[in-house]
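I'd like to ask you about the structure that follows.
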Amino acid sequence: MIRNAVINFLAENACAGKQTVDPDQKSDTLSEKNVNTARSENVSLRALAEDKFPCLEELADTLELIIRASACRETVVISGSDESLYLAFGRCRGLHKDTMIFRSLFEPQVNSFSYTPGVLIAADPAKLTLRAEIYADSDADEIRVFSREKLTEDSSLKYGDNLEPEEFFLNGDLTQVPGYREFARRIGYITGVINSSGRTLKKAVTARRAVFSTGGIRRFSAGALKNFISRLVRERVLKVRDESYLYLGFADACRQETDMSGDGKEHSATDGPELFVSFTPEKLFSIRDGRIYCDALAGSVPVEQGDALIRDPKNLNENRIVADFIDDRLRTISDDVQRMPVKLKRLSYITHLLIEISGNIKNNISTEEIIRLLHPTPATLGYPREEAVRVLDGCGALLTGMYAGTAGMTYGGCSTALVMLRSALFRNGEITLYGGAGIMGESDPLSEWKETGLKMTAVLKRIIPEDDVARVLAKINMMKSGE
Ligand SMILES: C=C(O[C@H]1C=CC=C(C(=O)O)[C@@H]1O)C(=O)O
C-alpha cells in the first residue's frame with residue numbers, strides 16, 4: 001500500500017510544474033523567484049499503517065526501488081541519528097533556501113555549494129510521513145524518471161558489471177596515505193609547534209587515508225553504487241535509530257564540477273560514478289524553533305577506557321578548545337547561550353567527550369551565515385584556525401574534500417548540518433577510508449595512529465559484512481609494516 005501511495009504521489013508530482021525558470025540563468029544562487037516555483041505537498045502515510053513493522057518494511061522496499069530506478073545524476077541521503085531520513089535527487093546548484101550541501105575542509109574560507117533537488121523526500125520512519133517537493137528548474141527533465149512504469153518495471157533494477165565493495169577489501173591492495181613513519185613525522189612537527197614558546201597554536205587536526213584498490217582496471221558502475229546505497233537506506237529505515245547520522249552523496253559519471261576527494265582533480269566522466277558516505281557522530285548544528293543546538297565533540301579513547309576519559313586533562317582540554325570556540329561564535333548571533341557540562345558520548349567503537357551548547361538565534365541570520373561562522377570548528381581543523389592551516393600545510397597534512405566538510409539540509413523551518421567524519425569515498429576504481437584526530441601538545445603518534453585506525457574500522461564495519469571485517473582489519477591497523 002505504501003509503495004503504491006508513494007509511486008502514485010511521485011508519478012503525479014514529477015510531471016508537474018516544469019520549465020518555469022529561464023534555462024540560461026547562469027547565477028550560482030537560486031533566486032527567490034526560482035524558489036517560489038517549488039511545489040510541495042505532504043502525504044500522511046500514518047493512516048495506512050496498521051502495524052508499524054510491516055509498514056517500515058514496505059517503506060524500505062519502496063525507497064530502495066526509487067533509488068535503484070532513479071536516473072538522476074545525483075542522489076543524496078541524509079539521516080538523523082534518531083528521527084529522520086531525507087532523500088534528494090537532482091543536481092548540484094547554487095544556494096537554495098531549503099536544501100544545502102556545504103563542503104569545505106581545513107579551509108578557513110568556507111567553500112559552499114548546494115543541492116537543488118528534483119525531488120526531495122523526507123521520510124520519517126517514526127511518524128511515517130512522507131513529503132515530496134518538486135522544484136521546477138531547467139533540469140526538471142531528470143525527474144521524469146519517476147513515471148509509474150519506471151518505478152514498477154523490474155527490468156529497471158537489473159545492472160551488469162557490478163563491482164561490489166566487498167571485492168575491494170578482500171582482494172584489493174591497501175595503500176596507507178601517509179604511512180606510519182610520515183604520519184609520526186607530521187605529528188612530531190605539529191606537537192613541536194604547539195610546545196614551542198611564543199606560538200599561539202593550541203591544537204591541529206590531521207587525518208590519514210586507507211585506499212583500497214583492485215588495480216584501477218575496473219570502475220564502479222552506477223548500478224553497483226545504487227545497490228549499495230539502497231542497502232544502507234534499507235538498513236537505516238528498518239533500524240529507525242542509530243548512534244550515527246548518515247550521509248550519502250552519489251554523483252553519476254557526467255558531473256564535472258565537484259571534487260569530493262580533495263585531491264584537486266575535478267571528477268571526470270571517465271572516472272565513472274562516485275559516492276561519498278559518512279557515518280558521522282557529529283552535527284555541526286541543528287536548528288529547531290529558532291534555537292540552535294551545537295555539539296562540541298572532541299577527545300577520544302577506545303571504549304574499554306571510556307570511563308577514565310572524563311578525568312583526562314589532555315582530552316578535557318582538547319574538548320574545551322572546541323566548546324569555547326563554538327560558545328564564542330554563538331554569542332555573536334545569540335543572547336542566551338547555554339552550555340551543558342562535559343559528558344561522555346559512548347559509541348559502539350569509541351568514546352568521545354561532548355559538550356552541548358545551544359542558543360536562540362537573532363533574526364535575519366541565514367543558515368549559510370551560521371555555517372560560515374561555525375565551520376570548521378577546532379574539532380576538524382584546529383585552533384586558532386589560520387595558524388592551524390599554516391602549520392598543517394607546512395607539514396603536508398592539510399586535507400581538502402568532502403571528508404570533514406559539512407553537509408546538511410534545511411527543511412520546514414528546521415536545519416541540520418553534519419560534519420562529514422567517519423567516511424569513505426568510492427571513486428575511480430578505489431575505496432578510500434578517512435580517519436582523523438585532534439593533535440595537542442602531548443599527543444603521541446602511536447596512539448593517534450591507533451585512534452584513526454579505529455575510526456576507519458568503524459566505517460569499514462558499516463559497509464562490508466561482519467565476516468569480512470576481521471580479514472581486512474589487520475591491514476588497516478598495521479603500523480610500521482603498513483608503509
Ligand atoms: C577528526 C575526526 O574526529 C574529530 C571528532 C571527534 C573526536 C576527535 C578527536 O578526539 O580527535 C576529532 O576532533 C575524525 O573522526 O576524523
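Note that ligands are numbered from 1 as they come in the structure, with each ligand's atoms numbered from 1 the same way. Note: hydrogens, waters and symmetry copies are ignored here, and every other heavy atom, side chains too, is used. Numbers for residues simply follow the sequence, beginning at 1. Given the structure is predicted, the values throughout are model-derived calculations rather than measurements.
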>> If we count only N and O atoms by modelled type, under 3.5 Å, do the side chains of Gln176 and Arg209 hold a donor and an acceptor together?
In response: no

>> Which residues pass the side-chain hydrogen bond (donor to acceptor under 3.5 Å, both in side chains) test with Thr351, not counting sequence neighbours?
In response: none

> Does one side chain, of Arg186 or Thr206, offer a donor that lies under 3.5 Å from an acceptor on the other?
Replying inline: no

> To the nearest 0.5 Å, how far apart are CG in Leu248 and OG in Ser423?
Replying inline: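 Answer for the CG-OG pair, Leu248 versus Ser423, is 11.5 Å.
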
> Measuring from Tyr349:OH to Arg422:CZ, what's the distance to the nearest 0.5 Å?
Replying inline: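 Here the interatomic distance stands at 4.0 Å.
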
> Does a donor on one side chain and an acceptor on the other come within less than 3.5 Å for Glu430 and Ser213?
Replying inline: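 Short answer, no.
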
Can you give me a line-by-line list of nitrogen or oxygen pairs between ligand 1 and the protein shorter than 3.5 Å?
| from | atom 1 | to | atom 2 | distance (Å) |
| --- | --- | --- | --- | --- |
| ligand 1 | 3 (O) | Arg422 | NH2 | 3.3 |
| ligand 1 | 3 (O) | Lys455 | NZ | 3.3 |
| ligand 1 | 10 (O) | Gly299 | N | 3.0 |
| ligand 1 | 10 (O) | Ser300 | N | 3.4 |
| ligand 1 | 10 (O) | Ser300 | OG | 2.4 |
| ligand 1 | 10 (O) | Glu451 | OE2 | 3.4 |
| ligand 1 | 11 (O) | Glu318 | OE2 | 3.3 |
| ligand 1 | 11 (O) | Gly438 | N | 2.7 |
| ligand 1 | 11 (O) | Glu451 | OE2 | 3.3 |
| ligand 1 | 13 (O) | Ala379 | O | 2.7 |
| ligand 1 | 15 (O) | Arg422 | NE | 2.6 |
| ligand 1 | 15 (O) | Arg422 | NH2 | 2.9 |
| ligand 1 | 16 (O) | Tyr403 | OH | 2.5 |
| ligand 1 | 16 (O) | Gly436 | N | 2.8 |

